[in-house]
Number of protein chains: 2
Amino acid sequence: MSNQDACTPGSSPPPLLDADEAAALAAAFKAVGDPTRLRLLHLIAAHDGGEACVCDLTAAFDLAGPTISHHLRVLREAGLVTGDRRGTWIYYRVRPDALAALSRVLLMEGVPA
Amino acid sequence: MSNQDACTPGSSPPPLLDADEAAALAAAFKAVGDPTRLRLLHLIAAHDGGEACVCDLTAAFDLAGPTISHHLRVLREAGLVTGDRRGTWIYYRVRPDALAALSRVLLMEGVPA
DNA sequence: ATCCTGATTCGACACCCGTCTACCTTCATT
DNA sequence: AATGAAGGTAGACGGGTGTCGAATCAGGAT
């Protein structure tokens with residue numbers, strides 16, 4: 001099937017990114033693959049102290065409250081943000097470690113050639 | 001609506017990532033937000049000379065040929081890979097500059113706080 | 001206790017996306 | 001020119017996703 005001698009001679013690359021790992025990483029990238037969620041991430045990170053409450057985030061979009069809440073949940077379940085309640089408001093902040101991990105994947109760290 | 005004095009006092013953040021820019025970047029991230037496409041990117045980058053022909057890529061997945069072709073088109077239209085025909089085969093290679101640009105977005109480069 | 005507000009959850013709808021089979025295009029070889 | 005293979009295109013099907021309105025939950029204030 002793979003005519004190894006004619007197509008790319010002498011190359012038999014290892015998986016290097018197995019299906020499970022690729023699925024987990026792709027899920028995180030899919031969370032960022034939405035304009036609203038991408039803007040949410042940057043709005044949160046740009047706020048004072050690196051945290052923002054939902055009311056400020058909702059005010060920045062022409063979207064209904066439940067929609068923002070849905071996007072925040074997607075980001076939360078992807079491990080990209082954390083949200084904790086302090087009194088009446090819920091404050092969200094980004095997880096720089098998670099974003100850095102995704103960044104490394106894009107830079108092909110650990111890829112031979 | 002945005003009770004600025006009670007929620008996060010003294011913060012009026014600029015857009016910092018307008019809707020158009022966010023849409024363009026999100027489209028690129030969405031292209032990476034699929035396990036098959038993420039593995040395709042790494043497979044291409046890991047091949048000798050940083051390029052791989054479609055026959056090798058197709059052989060690495062349990063997917064039909066047209067499906068791989070579809071994913072390659074998504075990656076190509078997102079500006080993440082380039083493909084040029086040399087004789088019978090079409091060789092794909094990644095665009096490191098595009099991936100680096102996405103990487104910078106995740107690292108929140110240019111975000112104040 | 002009651003009410004009000006911030007935020008999430010629940011259903012529902014329209015739309016997009018990944019996958020396939022069948023067919024077409026392009027190139028090399030005979 | 002004709003055949004065969006590599007790769008792409010077209011159309012269709014099933015499941016996933018963004019969006020909303022209405023209902024619900026959680027805290028603070030009256």
Side-chain angles (χ1 to χ4, degrees), chain A residues 1-9 19 22-23 26-40 43-44 51-78 81-93, chain B residues 1-9 19 22-23 26-40 43-44 51-78 81-93:
Chain A
M1 232 58 103
S2 70
N3 42 2
Q4 191 174 340
D5 43 11
C7 197
T8 39
F29 279 119
K30 193 186 303 181
V32 194
D34 178 274
T36 302
R37 289 197 286 266
L38 191 55
R39 294 180 68 191
L40 279 173
L43 275 177
I44 295 172
E51 65 181 9
C53 80
V54 183
C55 63
D56 284 332
L57 299 174
T58 305
F61 298 89
D62 272 342
L63 293 173
T67 302
I68 299 296
S69 199
H70 159 69
H71 286 306
L72 287 174
R73 167 154 68 171
V74 172
L75 289 173
R76 197 176 345 117
E77 290 178 346
V81 301
T82 61
D84 69 312
R85 173 167 230 136
R86 285 205 295 277
T88 303
W89 299 286
I90 301 183
Y91 291 87
Y92 278 85
R93 58 174 56 237
Chain B
M1 236 36 144
S2 72
N3 43 1
Q4 190 174 342
D5 43 11
C7 198
T8 40
F29 280 119
K30 194 186 303 182
V32 195
D34 179 273
T36 301
R37 290 196 287 266
L38 191 55
R39 294 180 68 190
L40 278 173
L43 275 177
I44 294 172
E51 66 181 8
C53 79
V54 183
C55 64
D56 284 332
L57 299 174
T58 303
F61 297 90
D62 272 342
L63 293 173
T67 301
I68 299 296
S69 199
H70 159 69
H71 285 307
L72 287 174
R73 166 154 69 171
V74 172
L75 289 173
R76 196 177 346 115
E77 290 178 346
V81 301
T82 60
D84 69 312
R85 172 166 230 138
R86 287 206 294 278
T88 305
W89 299 287
I90 301 182
Y91 291 86
Y92 279 86
R93 58 175 54 237

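Below, read A as the first sequence line, B as the second, and so on, with proteins coming before strands; counting in each chain starts at 1. This is a predicted model, so every value here is computed, not measured.
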**Between C/dA7 (P) and A/I68 (CD1): distance, integer Å** = 11 Å
**Complete:** Output for pair (B/L75 CG, B/I44 CD1), nearest 0.5 Å, gives 6.5 Å
**Message:** What's the closest nucleotide to the side chain of A/R73 if the choices are C/dT9, D/dG21, D/dG7?
**Reply:** C/dT9
**Message:** Expressed as a whole number of angstroms, how long is the span from A/L75:CG to D/dT17:C1'?
**Reply:** 14 Å
**Asked** Side chain of A/T36: nearest nucleotide among D/dT19, D/dT9, C/dA7?
**Response** D/dT19
**Asked** Checking all strands, does B/L63 fall into the base, sugar-phosphate, or nothing category for heavy-atom contacts under 4.0 angstrom?
**Response** sugar-phosphate
**Request:** Using atom types as modelled and distance alone, determine if a side-chain donor or acceptor of B/S69 lies under 3.5 Å from a backbone N or O of B/G65.
**Result:** no
**Message:** Taking only side-chain N and O atoms of B/Y92, does any of them lie within less than 4.0 angstrom of OP1 or OP2 on D/dG8?
**Reply:** yes
**Asked** When the distance from OH of B/Y91 to P of D/dG7 is rounded to whole Å, what number comes out?
**Response** 8 Å
**Asked** Which part of the nucleic acid, if any, lies within reach of A/T67 when heavy atoms closer than 4.0 Å are counted: base, sugar-phosphate only, or nothing?
**Response** base
**Message:** Go nucleotide by nucleotide along DNA chain D from the 5' end; which of A/D34 and A/G87 gets its closest nucleotide reached first?
**Reply:** A/D34
**Message:** How many whole angstroms separate atom NE2 of B/H70 from atom P of D/dA6?
**Reply:** 22 Å
**Prompt:** Can you tell me if the side-chain N/O atoms of B/K30 get under 4.0 Å from OP1 or OP2 in C/dC16?
**Reply:** no
**Request:** Select from A/R86 and A/D62 the residue whose nearest nucleotide in DNA chain D is closer to the 5' end of that strand.
**Result:** A/D62
**Interatomic distance, B/L40 atom CG to B/I68 atom CD1 [nearest 0.5 angstrom]** = 5.5 Å
**Item:** Non-hydrogen side-chain atoms of B/Y91 and B/D84 separated by less than 4.5 Å
**Value:** yes
**Complete:** The reported gap from CZ in A/R37 to NE2 in A/H70 (rounded to nearest 0.5 angstrom) is 5.5 Å
**Item:** Nearest-angstrom distance from the residue atom CG of B/L40 to C1' of C/dG18
**Value:** 13 Å
**Request:** To the nearest Å, give me how far apart CG (A/L72) and P (D/dG18) are.
**Result:** 13 Å
**Request:** Report the distance from atom CG of B/D84 to atom C1' of D/dG8, rounded to the nearest whole Å.
**Result:** 16 Å
**Request:** Select one nucleotide: of C/dT21, C/dG6, C/dT8, the one nearest the side-chain heavy atoms of A/C55.
**Result:** C/dG6
**Request:** Just compare C/dT19, D/dT9, C/dA7 and give me whichever is closest to any side-chain atom of B/S69.
**Result:** D/dT9
**Prompt:** With a non-hydrogen cut-off below 4.0 angstrom, is B/H71 in contact with a base, only sugar-phosphate, or nothing?
**Reply:** sugar-phosphate
**Prompt:** Hey, does B/G65 reach any base, or is it just sugar-phosphate, or nothing, if we go heavy atoms under 4.0 Å?
**Reply:** nothing
**Message:** Whether B/R37 contacts C/dG18 is assessed here as follows: a side-chain N or O lying under 4.0 Å from the phosphate OP1 or OP2. Is that the case?
**Reply:** yes
**Message:** Starting the side chain at C-beta, find the nucleotide from D/dA10, D/dG18, C/dA7 nearest to B/P66.
**Reply:** D/dA10
**Item:** Spacing of A/Y92 atom OH and A/L43 atom CG [to the nearest 0.5 Å]
**Value:** 14.5 Å
**Request:** Figure out the CG/P separation between B/D56 and D/dA6, and round it to whole Å.
**Result:** 11 Å
